[in-house]
**Student:** 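One structure, pasted below without further comment.
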Amino acid sequence: MIRTRFPPSPTGYLHVGGLRTALYNYLFARKNGGKFIFRVEDTDQKRAVAGAVENLIETLKWASLTYDEGPDIGGPHAPYVQSERTELYQKYAQELVKKGAAYHCFCTAERLYEMRKNQEAKKMAPKYDRHCLRLSPAEIQEKLNQKISSVIRQKIPEGGKTGWNDLVRGQVSFAHETIDDQVLIKSDNFPTYHLANVVDDHNMEITHVIRGEEWLSSTPKHILLYEAFGWKIPEFAHLPLLLNKDRSKLSKRQGDVAVEDYRKKGYLPEAMINFVALLGWHPGGDSTQEIFTLEELVEKFSIEKVHKAGAVFDLEKLDWMNWQWRKRKFDELPGETPQKLFGLCEAFLPDEWKKDKEFLQRCLATVQEKVLQEPQKAQEHLGFYFKNSVAVDPALLANPKMKVDLPTAKKSLEAAMKALESFEKFDDQEALKAKLMEVVAQLGFKNGQVLWPMRVALTGEAFSPGVFEVLWALGKEMALNRLKIALKNL
RNA sequence: GCCGCGUUCGUCUAGUGGCCUAGGACGCCUCCCUCUCACGGAGGAAAUCAUGGGUUCAAAUCCCAUACGCGGUACCA
């Protein structure tokens with residue numbers, strides 16, 4: 001039975017890189033009929049943030065990355081929060097000390113600082129000098145009895161090397177002399193990541209450790225720990241990093257990194273998942289498919305197809321993908337288009353606009369594409385419909401590109417008004433269009449010479465829906481009123 | 001510094017020795033649609049496959065060096 005896990009530390013929000021790591025673990029487990037476990041690694045009390053666990057759970061839920069075991073739903077290996085498992089780590093650390101695979105260290109922060117400074121000065125790799133390894137059992141006991149602050153360090157074997165066959169990188173190995181004697185238990189008695197992670201992965205029967213590349217160089221430490229305990233070593237897969245535009249590790253300084261940020265900006269979970277899935281993975285072959293549902297990803301995912309090189313997080317492609325998903329989800333939504341549009345934008349519109357729902361829905365229909373792209377900006381796109389009076393800027397009305405000057409505008413508006421007055425209601429866009437085209441022909445103008453002034457008079461803006469649509473949405477009374485006001489001010 | 005990992009259009013990528021005069025997507029540009037913007041449609045520019053050596057009849061694909069980039073180098077994860 002394949003078992004994967006996603007173990008973030010609750011130091012804030014879910015990072016987009018974390019989302020991808022979680023996704024790949026999820027996909028790998030689902031694809032192979034295994035289990036996906038969510039665990040909280042809160043062994044660094046200094047960095048713990050209140051509410052972060054809840055936020056992580058909420059975000060995972062939003063993304064539809066459901067897990068089989070976790071802190072909120074329990075499971076056979078509960079608890080799934082490391083701060084509630086501290087006795088376990090103590091027990092295993094003692095076992096390592098007994099086996100000679102770890103040792104007590106009483107060095108002060110000052111001494112370690114001095115030591116590193118010297119090593120750096122000599123251009124050596126900073127590494128613990130094993131000062132405390134020379135202590136006799138009696139000396140150690142003596143210091144322990146005196147309650148001198150201490151830690152437990154992993155004892156890396158003297159010679160040789162440790163390697164493994166990484167599922168994405170192939171054969172990787174590190175010489176033991178380059179590996180530091182890692183602290184396993186801190187002086188506050190909490191374990192470090194290295195110990196807690198290995199202990200939990202073993203106890204939770206994790207078979208595949210799929211994590212970011214930043215863990216590559218600590219992997220030999222972990223393997224050495226598994227070996228010291230005599231435990232089965234899981235498979236490892238180290239994912240390429242997500243990068244900023246300048247190709248450094250994706251960071252907050254250069255844009256949003258929290259999934260939460262994207263969610264707030266209106267990105268759909270399907271788009272985020274789809275986008276992040278393709279950053280470092282591709283189904284391969286001659287497939288040119290770009291849009292994938294979670295189910296399709298599960299079906300197509302394979303760890304061998306994960307890339308080795310980092311990928312730049314490109315917002316422009318995300319935007320495109322979000323647009324694709326918006327259209328798709330909108331089409332799949334049941335119901336009539338006007339109702340659907342209303343549902344999509346409801347939350348972003350002021351209540352007073354909703355009083356005349358029929359009018360609102362007409363207006364929405366004229367800005368469908370824009371509002372579909374950015375529902376959060378619906379108010380902005382509809383603004384001109386809800387103004388009591390439209391201010392017509394002469395500078396806007398006169399448009400050399402459209403071959404419109406003020407006299408032309410005046411002539412056009414007058415003729416258009418007259419023609420439109422013959423309608424009882426503005427309920428037929430085609431009829432409106434036919435009539436106005438007649439006006440264009442009579443005046444001997446270009447379409448734009450009539451329609452541009454009308455746009456400006458009706459909306460007060462340079463960019464708007466088509467004139468016939470606006471006439472239809474506003475209705476006869478309001479539309480003619482706006483034209484009248486514009487004419488009066490000419 | 002040391003250790004490790006990586007390197008195909010600006011970006012995400014296809015590619016596992018001949019099908020590659022290197023394919024797709026995003027973005028960009030042009031045109032079409034058109035009363036504006038957007039949507040939509042059609043084209044286009046864009047990679048001497050990091051560089052230099054090999055191996056081979058044949059290399060983006062295999063090997064070696066170099067360069068560059070990134071990660072790690074904590075009582076953080």
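These numbers come from the heavy atoms of this one structure, side chains and all, not from hydrogens, waters or symmetry mates. First the proteins, then the strands, lettered A, B, ... as listed; each starts at 1.
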**Student:** So does A/Arg247 reach the base of B/C70 with its side chain, donor to acceptor, closer than 3.5 Å?
**Tutor:**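 No, the side chain and the base share no sub-3.5 Å donor-acceptor pair.
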
**Student:** Of all the choices, B/G1, B/G24, B/U36, which nucleotide is nearest to the side chain of A/Lys123 once you look at every atom?
**Tutor:**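 Among the listed nucleotides, the one closest to the side chain of A/Lys123 is B/G1.
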
**Student:** Give the nucleotide from the list B/C3, B/A38, B/G24 with an atom nearest to the side chain of A/Phe174.
**Tutor:**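 When the side chain of A/Phe174 is considered, B/C3 is the closest of B/C3, B/A38, B/G24.
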
**Student:** Choosing from B/U11, B/C35, B/A14, which nucleotide comes nearest the side chain of A/Leu451?
**Tutor:**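 Comparing B/U11, B/C35, B/A14 against the side chain of A/Leu451, the answer is B/C35.
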
**Student:** Verify the distance criterion only: is there a donor paired with an acceptor across the side chains of A/Tyr385 and A/Thr366 at less than 3.5 Å?
**Tutor:**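 Looking only at side-chain atoms, A/Thr366 and A/Tyr385 do form a donor-acceptor pair, the distance falling under 3.5 Å.
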
**Student:** Is it true that the side chains of A/Thr162 and A/His176 contain a donor and an acceptor less than 3.5 Å apart?
**Tutor:**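 Their side chains do contain a donor-acceptor pair, which is all the 3.5 Å distance test asks for.
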
**Student:** Once hydrogens and angles are ignored, does a donor-acceptor distance under 3.5 Å link the base of B/C3 to the side chain of A/Thr178?
**Tutor:**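 Flag unset: no donor-acceptor pair detected.
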
**Student:** Toward the 5' end of RNA chain B, which comes first, A/His307 or A/Gln324, by nearest nucleotide?
**Tutor:**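 Mapping each residue to its closest nucleotide by heavy atoms, the 5'-most match is A/His307.
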
**Student:** Before accepting this row, confirm whether a basic side-chain N of the pair A/Arg39/A/Asp200 lies closer than 4.0 Å to the acidic partner's carboxylate O.
**Tutor:**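 A salt bridge links A/Arg39 with A/Asp200.
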
**Student:** For A/Asp331, give me all partners under side-chain hydrogen bond (donor to acceptor under 3.5 Å, both in side chains), at least two apart in sequence or on another chain.
**Tutor:**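 Applying side-chain hydrogen bond (donor to acceptor under 3.5 Å, both in side chains) to A/Asp331 gives none.
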
**Student:** With heavy atoms under 4.0 Å as the rule, sort A/Pro7 into base, sugar-phosphate or nothing.
**Tutor:**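 The answer is nothing, as A/Pro7 stays clear of every strand by at least 4.0 Å.
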
**Student:** Taking only the side-chain heavy atoms of A/Glu214 (C-beta and beyond), determine which of B/G4, B/G72, B/U36 contains the nearest atom.
**Tutor:**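 Among B/G4, B/G72, B/U36, the one nearest the side chain of A/Glu214 is B/G72.
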
**Student:** How would you label the contact of A/Ser187 with the nucleic acid (heavy atoms, under 4.0 Å): base, sugar-phosphate, or nothing?
**Tutor:**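 If one applies the 4.0 Å heavy-atom cut-off, A/Ser187 turns out to touch a base.
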
**Student:** In whole Å, what separates the P atom of B/U56 from that of B/A46?
**Tutor:**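 Rounded to whole Å, the distance is 36 Å.
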
**Student:** If you check every side-chain atom of A/Arg455, which of B/U36, B/C75, B/U73 has the closest atom?
**Tutor:**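 Ranking B/U36, B/C75, B/U73 by closest atom to the A/Arg455 side chain puts B/U36 first.
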
**Student:** Would you measure the distance from the P atom in B/A22 across to the matching atom in B/C68 and give it in whole Å?
**Tutor:**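 The same atom, P, in both gives a distance of 30 Å.
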
